[in-house]
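Okay, structure first, notes after.
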Amino acid sequence: MDIVFAIIIGITGSSVVHLSKGLMKLGIQRSKVPELHHRAGKTRTIYLTGVVLNFSAPVWIMVANLFASPVVYSSMYASGLLALLVFSRYVLHEHLHPRQIVGAFVTVSGTAALGLAEFHYGSLSLTLAQINPLLAIVAAWIIGGFLIAVLTRTIRVTVQELFFGLAAGGFAALDALLKGVAQRSGVSARFIPGPGPALIVLAGSFLVAGLAFAFIQWSYLRHCRASIMGIAYDMSFVALPILTYSILIPGYRLSLLSGGGLILLGIGVVLIASGPLPAVAPVVPDSAGRSVQA
């Protein structure tokens, strides 16, 4: 039953955080339209609402960690993708090829398979004894993320969308793992651990979460689309904890179901990336004051 609660929290939190990305993109998009400058206050409210909802992600993770390991939460994360795709299509007016929509559903199917697989391992979690190799993975991800971000600034946007999504999703996944180590370091899981190494790990995890937010904003400045970037984000967020557990936790291994789920995630990303990616026209108000595509 605890795992069921973690799954419900994962689906709810995922939907909220996914929609936050769309709201932030909408705020940035509207701020660049001269016709909307007289509505700067509303534009700021939209963007700040997205920021607040985005920063609620650690809360969802910490609550879910009280019931099961972080992998259970992360395995459900792509379930909120459908909410973002609907928002991107009808509010942001982003054009999606049918092949990309199929890819989104394949990605969600892979997430569902991973969620089912975690019923067998739901109680397994990393401990403080395994913090050093986990910190090494965090350091490698940070260095590699910034290095590739700089090197890819002149290549086509489609590649940058995938990179920034994978990088930001990885930071979010590592944030969840660090919080899991801190919260489940004692005899029982605690929302806030007592003074000591676990509390330090918990505090440090928020810095990693901040990098996930920074890379999302960086992607928008590079004109990456919220929907496509979000797909890659989800794949990384779901896959990295599973792969990390497979390396660091004795007895944890990829099952046929979890392996199939990861394969479905990969297929989904390929389908999404293979569709035509037309430019997105700016959003401007019509005569009734509604936001429409120019």
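Ring to ring, Y77 and H18 are close: their centroids are under 6.0 angstrom apart. Taking the six-membered ring wherever Trp is involved, the centroid distance between the rings of F171 and F237 does not fall below 6.0 Å.
In this structure, the side chain of T12 does not engage the main chain of I9 through any donor-acceptor pair within 3.5 Å. Between the S56 side chain and the L53 main chain, a donor and an acceptor come within less than 3.5 Å of each other. For R184 (side chain) and N65 (main-chain N/O), a donor-acceptor pair under 3.5 Å exists by modelled atom type. Between the Q130 side chain and the L248 main chain, a donor and an acceptor come within less than 3.5 Å of each other. Of the possible donor and acceptor atoms, none in the side chain of Q160 sits under 3.5 Å from a partner among the backbone N and O of S219.
M62 pairs by the side-chain contact (heavy atoms from CB on, under 4.5 Å) definition with K179, Q183, F191, I192, L202, F206, not counting sequence neighbours. Under the ring-ring contact (aromatic ring centres under 6.0 Å, His included) criterion, W60 pairs with no residue, sequence neighbours left out. Qualifying ring-ring contact (aromatic ring centres under 6.0 Å, His included) partners for F55, counting only residues two or more places apart in sequence or in other chains: F213. Applying the side-chain contact (heavy atoms from CB on, under 4.5 Å) rule to A57 yields the partners V17; only residues at least two apart in sequence or on another chain are considered.
Side-chain contacts under 4.5 Å among hydrophobic residues (ILVMFWY), followed directly or transitively, place L151 together with L147.
Residues I247 and I249 fall within the same hydrophobic cluster, defined by Ile, Leu, Val, Met, Phe, Trp and Tyr side chains chained together at heavy-atom separations under 4.5 Å.
Relative to the ring axis of Y233, K21 places its NZ or CZ within 45° and under 6.0 Å from the centre.
Residue pairs meeting the side-chain hydrogen bond (donor to acceptor under 3.5 Å, both in side chains) criterion with at least one partner in residues 135-148, sequence neighbours excluded, do not occur; the list is empty.
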| query | How far apart are the C-alpha atoms of F67 and I3, what are their side-chain angles, what is the distance that settles it, and do they pass the side-chain contact (heavy atoms from CB on, under 4.5 Å) test? | reply | CA-CA 6 Å; F67 298 98; I3 295 179; over 6 Å; no
